[in-house]
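So the structure is just underneath, and the comments pick up after that.
Because the structure is a prediction, the values reported are computed rather than measured. Whatever order the structure lists them in is the order used to number ligands and atoms, beginning at 1.
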Amino acid sequence: MTEQPVPAQQSETAPAGDHQPIKQRKNGLYPAVSDELAAHMRGGWADTELRGLEPLPQAAETARRRAALSRRFPGERLVVPAGNLRTRSNDTEYPFRAGTEYAYLTGDQTEDGVLVLEPAADGGHEAVLHVLPRSDRENGEFWLDGQGELWVGRRYSLSENERRLGLPCRDVRKAAGELAESAGPVRLVRGHDAGLEEALAGRLDPARDEELRVFLSELRLVKDAFEIGELQKAVDSTVRGFEDVVKVLDRAEATSERYIEGTFFLRARVEGNDVGYGSICAAGPHATTLHWVRNDGPVRSGELLLLDAGVETHTLYTADVTRTLPVNGRFTDLQRKIYDAVYEAQEAGIAAVRPGAKYRDFHDAAQRVLAERLVEWGLVEGPVERVLELGLQRRWTLHGTGHMLGMDVHDCALARTETYVDGTLEPGMCLTVEPGLYFQADDLTVPEEYRGIGVRIEDDILVTEDGNRNLSAALPRASAEVESWMARLKG
Ligand code: GLY
Ligand code: MN
Ligand code: MN
């Protein structure tokens, strides 16, 4: 929540050339400025109201989602915050990323926003969006406040937002007080807005709030046509980002994994909002660390690069794709043997994705292939059934074979076991299939030549009416195709 702008009270003036909003200098109090300057700043500004704004493309979908939410919790006030800016250090903040639930239900992404579903007399709800309005010119907020528009850029006016989002909009600075004084049951999506949680502290019940988040997680399990289009955009940008990386592998060899991270990030920022998660740019033995995001190691010819990265679109849908590439463009015999086993496991996993299949099927199919290969290579004693029953292959397969994908990389994470992990696949679900084999550098149970090799192949798979569609099929997967693709790109 944003505090009320505070009128000028201090006498200190900002030293010439001090590039800070004045507010941040004195505990939220604006320093006094001369009456003449205040008057000079107040007037003489053009009317910039944007008339004729079109609704967002997803406005009909967000209304449908709010209606589903309303039906689930009749008679209760539901509060879904966007979240607030978070301090990185002193007076600098992390880039803002709106809470998934808020963006899913409104299409809006601005900090401090709060969606409230007010119970209505007919048993439904009236949805109201509380957002920051344009900065006030009368009290000087627009130039004196650190979040004033002169500092951070123009916001949409309340009426502009009403047209964009198809929701009545009010000034968010009154929302906490109004909610605290309201009567009746309230549920809040927690974890985004500490100020609201504090304001409603006496009114909230953690278990009931959790039910709200669980419902919103499950509502996102099946993607609508707009979402599928956005996921495909995210994947398409990601494919271009992977191509960018292959083209600069020589420069990464001359520097470090950071060159790969920066290269992919450039594509994510130019075409999308951001990366959907910290890029994993893991060369050599770093590929055996599942979430290697330090990305500060060397990139060496003869070794593998495991790149796990995804562009997040402007609407906050992310891809999640992994390719494991030979840095010099050619797999060694052992790298190819391990890579081909993971590829075969992924093929088996993808083949198990279809409507009506159990969610666990694709994991089981991939694990079986990997267990077979591990037994065949003499790394674990068979038979395969025993290995699978005892889970012995997991020393080298380490993680589950996939997860739901959407606005969060690990989407729908709060969905109940019966609707997700123990559930059944339906058309419109989108998930990753990402088996891997990881031989740690210090794993004395495998021959020395295996140590330090990690391979993961990850694609984004949409469940269709009659099977599945690989959204990331444009990126080659089979080892020979990866090699010829790299040769083409490296020129
Ligand atoms: N990028 C994280 C994952 O693959 O789940
Ligand atoms: Mn991934
Ligand atoms: Mn993944």
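Only protein N, O or S atoms were scored, and 4 of them lie under 2.8 Å from the Mn ion (ligand 2).
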query = Hey, mind stepping through Phe331 and Asp340 against side chain to side chain contact (heavy atoms under 4.5 Å, CB included) and telling me if it holds?
reply = CA-CA 10 Å; Phe331 291 99; Asp340 287 349; over 6 Å; no
task = Take Trp377 and Ile338, measure what side chain to side chain contact (heavy atoms under 4.5 Å, CB included) needs, and give me the verdict at the end.
result = CA-CA 10 Å; Trp377 300 339; Ile338 296 168; 4.2 Å; yes
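Between the side chains of Ser301 and Glu253, no donor-acceptor pair is found at a separation under 3.5 Å. There is no side-chain donor-acceptor pair under 3.5 Å between Asp422 and Thr417. Using modelled atom types, one finds a donor on one side chain and an acceptor on the other under 3.5 Å when comparing Asp408 with Thr100. In summary, the side chains of Asp443 and Tyr450 do not present any donor paired with an acceptor at a separation below 3.5 Å, with no hydrogens or angles considered. When only modelled atom types and interatomic distance are considered, Tyr438 and His399 share a side-chain donor-acceptor pair under 3.5 Å.
The nearest N, O or S atom of His410 is not closer to the Mn ion (ligand 3) than 2.8 Å.
When every heavy atom of Gly436 is checked against every heavy atom of Leu370, the shortest pair comes out as O-CD1, 3.7 Å. Between Val321 and Phe242, the closest heavy-atom pair is O-CZ, 3.4 Å.
The backbone N or O of Pro81 lies less than 3.5 Å from no partner atom in the side chain of Asp193, so there is not a single donor-acceptor pair.
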May I have every N or O pair linking ligand 1 to the protein at under 3.5 Å, one per line with atom names and distance?
unit_1   : atom_1 : unit_2 : atom_2 : d
ligand 1 : 1 (N)  : Asp308 : OD1    : 3.2
ligand 1 : 1 (N)  : Asp308 : OD2    : 3.1
ligand 1 : 1 (N)  : Asp320 : OD1    : 3.2
ligand 1 : 4 (O)  : Asp308 : OD2    : 3.3
ligand 1 : 4 (O)  : Asp320 : OD1    : 3.4
ligand 1 : 4 (O)  : Asp320 : OD2    : 3.2
ligand 1 : 4 (O)  : Glu434 : OE1    : 3.0
ligand 1 : 4 (O)  : Glu434 : OE2    : 3.4
ligand 1 : 4 (O)  : Glu458 : OE1    : 3.3
ligand 1 : 4 (O)  : Glu458 : OE2    : 3.2
ligand 1 : 5 (O)  : His403 : NE2    : 3.0
ligand 1 : 5 (O)  : His410 : NE2    : 2.6

